[in-house]
Peer 1: 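The structure's right below; bear with me while I get my questions together.
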Amino acid sequence: MKMNWGILGAAKIALEKVIPAMAGRPDFQVYGIASRNVEKARAAAEKLDIPKVYGSYEELIADPDIHIVYNPLPNHLHAEYTLKCIEAGKHVLCEKPIALSSQDVKRLIAARDRHQVKVGEAFMVRSHPQWHKTRELVQQGALGKIKLVQGSFSYFNVTPGNIRNIAAYGGGAMWDIGCYPVTICRYVLGEEPIRVIGLMETDPGFGTDKLTSVVMQFPSAQVAFSVSTQLVPYQRMHFFGENQELEVQIPFNAPNDTACEIKINHGDILQEQVKTISFAVCDQYTLMAAAFTKAVRENTEVPVTLEDALANTRVIEAIFQSAREHRWVNLQELS
Ligand SMILES: NC(=O)c1ccc[n+]([C@@H]2O[C@H](COP(=O)([O-])OP(=O)(O)OC[C@H]3O[C@@H](n4cnc5c(N)ncnc54)[C@H](OP(=O)(O)O)[C@@H]3O)[C@@H](O)[C@H]2O)c1
């Protein structure tokens, strides 16, 4: 039997990336899509070959034929609707960031445990083989001891009304894309940060952080990254070992039609001895949905658990607190 997925909202990410990536599978299908405007749901369903439409999120959540819900609503609705799904007995894969406070993640954990469902945060990057390989190389010590990680992630978007530019929706660079370097550093290093410091520049009109720079002290390494909603589109992550440096060239928006590469630089300044590792073309959204479905089917752990989401959210909260209070924030200070 195929597992039936239901989609909450005709979100851009769902229509353009996630639903197309879920097509043609023997083990699961997108069975339904809900929108606040049923015509929007109908148009999406026709285009993407989805059997059922709903004119409200609540109708989809109440449908016994839906087994797993994908929640790509704006950030401020993630926890609320994920909770409604859990309480209706659904498994939920919710977009990042799954909540805007660690209190909300704790509520989700309690509800998940009460209702015995699977709940995960949709960090598709964590399903991509380039990150599995990077983690393996770093943790095996292949680059020497990793002492420093540097990263950047930016795009330019000043569209009023875009969810990224609405502070009350959990917009801004840190929640939208700063969550990626945080999850990836925690995943690759296999550690949690001890303390963090953040510097934020706020857009005067939107009230969101448009440029944020962060330093995180992990037990074994220093991490420095910057994220922006108003800079040239760019993304890179660098892991510096005592002997070698590893660069992930397209760390977050890995394309589904081109091979991704990581580069290992052996230390010559002209980079003539760079070793390239290429990965077979894949779609990280397909891998994410397949891994989540498998965890539901086999009753095993989902790729990015709520406990992992809680640790990520705590770090992001600490970064906001640091930026507000102009000081280092120790993760142990937080409840
Ligand atoms: N993993 C990734 O690669 C990735 C990439 C981009 C975005 N995301 C995440 O996915 C989520 C959606 O991003 P998006 O860019 O796809 O957003 P979007 O196009 O603005 O879609 C959000 C959807 O939420 C619904 N919605 C419900 N209440 C709303 C409200 N008050 N205002 C606006 N929309 C409302 C709307 O659906 P209806 O009108 O149909 O009800 C809307 O289409 C965000 O959490 C974002 O962080 C993830």
Side-chain angles (χ1 to χ4, degrees), residues 6-22 30 32-48 50 53-61 69-82 84-85 92-100 104 120-128 131 153-155 157 159-184 208-209 227 229 233 235 250-256 282-289 291-292 303-304 309 312-313 316:
I7 314 292
L8 290 184
K12 189 167 187 276
I13 180 66
L15 303 192
E16 294 183 4
K17 302 280 185 196
V18 177
I19 301 172
M22 292 171 74
V30 175
I33 182 163
S35 172
R36 295 167 301 170
N37 171 352
V38 75
E39 287 312 320
K40 223 168 127 186
R42 203 163 280 134
E46 265 170 37
K47 189 164 173 222
L48 294 161
I50 301 170
V53 298
Y54 312 80
S56 75
Y57 305 146
E58 282 70 17
E59 277 175 69
L60 182 149
I61 294 169
V69 176
Y70 168 61
N71 177 357
L73 296 174
N75 297 347
H76 69 304
L77 298 177
H78 285 176
E80 180 184 335
Y81 276 90
T82 296
K84 287 186 187 198
C85 295
V92 196
L93 178 64
C94 179
E95 265 306 337
K96 38 55 65 175
I98 195 164
L100 298 174
D104 275 350
E121 190 169 23
F123 273 121
M124 72 300 180
V125 292
R126 299 253 309 247
S127 293
H128 198 292
W131 283 113
F153 192 3
S154 55
Y155 58 79
N157 182 330
T159 309
N162 186 287
I163 59 170
R164 289 157 191 79
N165 295 326
I166 303 176
Y169 285 15
M174 191 61 221
W175 283 121
D176 189 41
I177 49 177
C179 56
Y180 284 108
V182 173
T183 193
I184 257 343
T208 51
D209 60 309
V227 288
T229 58
Q235 48 188 276
I250 313 181
F252 308 118
N253 297 121
N256 64 2
C282 66
D283 189 317
Q284 57 186 346
Y285 299 99
T286 308
L287 296 172
M288 172 181 72
F292 191 87
V304 184
N312 223 59
T313 309
I316 297 171

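The first residue in the sequence is number 1, and the count goes up from there. We count ligands from 1, going down the list as the structure has it; atoms in each ligand are counted the same way.
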Peer 1: Is any side-chain heavy atom of F252 less than 4.5 Å from a side-chain heavy atom of I184?
Peer 2: yes
Peer 1: Looking only at N/O atoms, are R36 and ligand 1 under 3.5 Å apart anywhere?
Peer 2: yes
Peer 1: Which atoms of ligand 1 sit under 4.0 Å from any heavy atom of H78?
Peer 2: 45 (O)
Peer 1: Looking only at non-hydrogen atoms, which of R164, M124, E16 approaches atom 6 (C) of ligand 1 most closely?
Peer 2: R164
Peer 1: Hey, is Y81 touching ligand 1 through its side chain, its backbone, both or neither, going by heavy atoms under 4.0 Å?
Peer 2: neither
Peer 1: Side chain, backbone, both or neither: which applies to N37 and ligand 1 if a contact is any heavy-atom pair less than 4.0 Å apart?
Peer 2: neither
Peer 1: What about I13: any of its N or O atoms under 3.5 Å from an N or O on ligand 1?
Peer 2: yes
Peer 1: Starting from atom 23 (C) of ligand 1, what is the nearest protein heavy atom, named by residue and atom, and what distance separates them?
Peer 2: A11 CB, 3.8 Å
Peer 1: Quick one: pull up OH in Y54 and OG in S35 and give me the separation to the nearest 0.5 Å.
Peer 2: 13.5 Å
Peer 1: May I ask you to list the atoms of ligand 1 that are less than 4.0 angstrom from any heavy atom of A10?
Peer 2: 37 (O), 38 (P), 40 (O), 43 (O)
Peer 1: May I ask you to decide if M174's main-chain N or O and D209's side chain share a donor-acceptor pair within less than 3.5 Å?
Peer 2: yes
Peer 1: Could you tell me whether the side chain of T286 and the main chain of A21 form a donor-acceptor pair under 3.5 Å?
Peer 2: yes
Peer 1: To the nearest 0.5 Å, tell me how far H128 NE2 sits from L287 CG.
Peer 2: 7.5 Å
Peer 1: Regarding Y155 and N253, is there a side-chain donor-to-acceptor distance under 3.5 Å anywhere?
Peer 2: no
Peer 1: Polar contacts were defined as any N/O atom of the residue lying under 3.5 Å from an N/O atom of the ligand; does this apply to L73 and ligand 1?
Peer 2: yes
Peer 1: Which residue holds the protein heavy atom closest to atom 47 (O) of ligand 1, what is that atom called, and what is the gap in Å?
Peer 2: K96 NZ, 2.9 Å
Peer 1: Can you name the nearest heavy-atom pair linking P251 to Q235, along with the distance?
Peer 2: CD-O, 3.6 Å
Peer 1: Looking at atom 13 (O) of ligand 1, what's its closest protein heavy atom, distance included?
Peer 2: I163 CD1, 3.5 Å
Peer 1: Which heavy atom of P72 sits nearest to which heavy atom of A11, and what is that distance?
Peer 2: O-CB, 3.5 Å
Peer 1: Distance check, rounded to the nearest 0.5 Å: Y81 atom OH versus N71 atom CG?
Peer 2: 9.5 Å
Peer 1: Any chance you could measure N312, atom CG, to E121, atom CD, to the nearest 0.5 Å?
Peer 2: 6.0 Å
Peer 1: I33 and A45: which non-hydrogen atoms are nearest, and at how many Å?
Peer 2: CG2-CB, 4.2 Å
Peer 1: Checking a contact table here: which protein heavy atom is nearest atom 33 (C) of ligand 1, and how many Å away?
Peer 2: P74 CG, 3.8 Å
Peer 1: Determine whether L8 and I61 make a side-chain contact, defined as any pair of heavy atoms from C-beta on separated by less than 4.5 Å.
Peer 2: yes
Peer 1: Can you name the closest pair of heavy atoms from I98 and H78 and give their distance?
Peer 2: O-CB, 3.1 Å
Peer 1: Should K12 be counted as touching ligand 1, given the test is an N or O pair under 3.5 Å?
Peer 2: yes
Peer 1: Testing T208, N157, T159, D176 one by one against N165 for a side-chain hydrogen bond (donor to acceptor under 3.5 Å, both in side chains), which residue passes?
Peer 2: N157
Peer 1: Do N253 and ligand 1 have an N or O pair less than 3.5 Å apart?
Peer 2: no
Peer 1: Would you kindly specify which portion of K17 sits under 4.0 Å from ligand 1, judged on non-hydrogen atoms: side chain, backbone, both or neither?
Peer 2: neither
Peer 1: Should you measure from each heavy atom of S35, which atoms of ligand 1 turn up under 4.0 Å away?
Peer 2: 38 (P), 39 (O), 40 (O), 41 (O)
Peer 1: Which residue supplies the protein heavy atom nearest to atom 12 (C) of ligand 1, what is that atom called, and how far is it?
Peer 2: P72 O, 3.0 Å
Peer 1: Please report which non-hydrogen protein atom sits nearest to atom 25 (C) of ligand 1, along with the residue it belongs to and the distance in Å to one decimal place.
Peer 2: Y57 OH, 3.3 Å
Peer 1: With respect to atom 1 (N) of ligand 1, which of K40, E95, Q284 exhibits the smallest heavy-atom separation?
Peer 2: E95
Peer 1: At under 4.0 Å between heavy atoms, is it the side chain or the backbone of Y285 that contacts ligand 1, or both, or neither?
Peer 2: side chain
Peer 1: Could you list the atoms of ligand 1 found under 4.0 angstrom from a heavy atom of D176?
Peer 2: 47 (O)
Peer 1: Indicate, as side chain, backbone, both or neither, the part of L77 found under 4.0 angstrom from ligand 1 when only non-hydrogen atoms are considered.
Peer 2: side chain
Peer 1: Measuring from atom 31 (N) of ligand 1, which candidate in Y70, Y169, Y180 has the nearest non-hydrogen atom?
Peer 2: Y169
Peer 1: Could you tell me the residue and atom name of the protein heavy atom closest to atom 44 (C) of ligand 1, and the distance to it rounded to 0.1 Å?
Peer 2: N75 OD1, 3.5 Å
